[in-house]
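Report on the following structure.
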Amino acid sequence: MRWWDIEPVLELERELFPHDAWSRGLFWSELAHARGPYATRRYVVAEAAGTVVGYGGLSAVEGTGDVQTIAAAREYWGTGLGARLLTDLLAGATAFECHEVLLEVRMDNARAQRLYERFGFEPIGVRPAYYQPGNVDALVMRRTEPPAAAPPDEAPDADPLTEPHAAPHTAPHTAPHTPPPTQRHPDPDPDAGEQQGMTNDG
């Protein structure tokens, strides 16, 4: 993701998360940490016919990666785009030499949990009433010493995983072993759509 992707990403962000969308300033702040020799972020976008249809972000602090956000346009739910974005973020975690990666998922989204298990994630705790509105608990999952990521065409089918977050970011995540303050997940699918181009710089 680069600075010129922020506006189309914001459009998608506001469509998917109308109650707690990230701000323009937050995306700028995150991207400021995504380049240079001391980068601690990896943000990617997926495009189809020149249009941003998905995006994801990962932070890395002291050997711990956190999946900060993943989202896919509704018309791409069920195409495998979510699994491709997750695969790319996990590759970023490997590049950052993370020994573990954390994420959160709604407790009531069992099919999404099975997908993350396919990628090597295991449940390690619960954050009560994390997702608002609705007071839905979040299951915290962790992937340690990552195995080879499940390729998108092997990922199990799942319900759309794009989820609202508990509260907008106010500052970049810095504490290791602490789940990120926001989490959004797209819809993976057994059949990865080949029409989506991934832009990985930044």
Side-chain angles (χ1 to χ4, degrees), residues 1-34 41-48 51-59 65-86 88-89 92 101-113 115-116 121 126-141 158-173 178-189 196 198-199 202:
M1 184 186 297
R2 301 298 296 275
W3 65 266
W4 52 80
D5 296 313
I6 290 178
E7 290 305 317
V9 164
L10 276 174
E11 290 184 19
L12 191 54
E13 172 84 1
R14 291 163 180 162
E15 175 187 344
L16 296 172
F17 314 110
H19 300 295
D20 51 6
W22 282 15
S23 68
R24 180 181 290 101
L26 177 56
F27 276 109
W28 274 103
S29 176
E30 288 292 285
L31 287 186
H33 295 277
R41 302 291 192 274
R42 179 176 182 83
Y43 276 78
V44 300
V45 296
E47 296 182 341
T51 300
V52 172
V53 296
Y55 55 93
L58 173 112
S59 73
D66 283 328
V67 178
Q68 297 284 69
T69 183
I70 309 179
R74 287 188 175 88
E75 60 268 31
Y76 284 88
W77 289 356
T79 67
L81 178 56
R84 293 185 67 194
L85 287 165
L86 181 58
D88 194 275
L89 295 181
V101 179
L102 302 172
L103 59 73
E104 291 162 345
V105 60
R106 291 172 63 102
M107 286 291 292
D108 57 6
N109 199 336
R111 297 180 76 183
Q113 293 166 30
L115 170 76
Y116 297 129
F121 286 89
V126 175
R127 291 174 65 90
Y130 184 72
Y131 291 103
Q132 299 294 335
N135 291 322
V136 179
D137 294 347
L139 179 67
V140 183
M141 303 186 76
D159 292 327
L161 303 182
T162 303
E163 298 175 350
H165 31 92
H169 272 233
T170 56
H173 175 60
T178 301
T182 61
Q183 203 78 42
R184 293 84 58 82
H185 307 281
D187 175 42
D189 184 84
Q196 292 88 22
M198 298 290 289
T199 303

Could you state the interatomic distance from CG (L139) to CZ (R127), rounded to the nearest 0.5 Å?
12.0 Å
Rounded distance [0.5 Å steps], CZ in R74 versus OH in Y76:
15.0 Å
Donor-acceptor pair, distance only, cut-off 3.5 Å: does the side chain of E7 make one with the backbone of R24?
no
Tested for side chain to side chain contact (heavy atoms under 4.5 Å, CB included) against E30, the lone hit among M1, R42, R41 is R41
Separation of L102 CG from Q68 CD (nearest 0.5 Å):
10.0 Å
Please list, chain by chain and in numerical order, all residues satisfying side chain to side chain contact (heavy atoms under 4.5 Å, CB included) with W3, sequence neighbours excluded.
W28
Got a sec, which residues hit side chain to side chain donor-acceptor pair (under 3.5 Å) with R14, two or more places apart in sequence or on another chain?
none
Evaluate R2 against V45 for side chain to side chain contact (heavy atoms under 4.5 Å, CB included), listing each step before the verdict.
CA-CA 9 Å; R2 301 298 296 275; V45 296; over 6 Å; no
Checking Y131 against E104 for the side chain to side chain donor-acceptor pair (under 3.5 Å) test, could you report, in this order, the C-alpha distance in whole Å, the side-chain angles of both residues, the deciding distance, and whether it holds?
CA-CA 10 Å; Y131 291 103; E104 291 162 345; 4.7 Å; no
Could you check I6, D5, L58, T69 and say which one makes a side chain to side chain contact (heavy atoms under 4.5 Å, CB included) with Y43?
T69
Using the side chain to side chain contact (heavy atoms under 4.5 Å, CB included) criterion, which residues pair with E11? Sequence neighbours excluded.
none
E13 side chain to A21 backbone, donor-acceptor under 3.5 Å:
no
For L86 and Y116, what are the C-alpha separation, side-chain angles and deciding distance, and is it a side chain to side chain contact (heavy atoms under 4.5 Å, CB included)?
CA-CA 9 Å; L86 181 58; Y116 297 129; 3.7 Å; yes
CH2 of W22 to OH of Y55: how many Å apart, nearest 0.5 Å?
8.0 Å
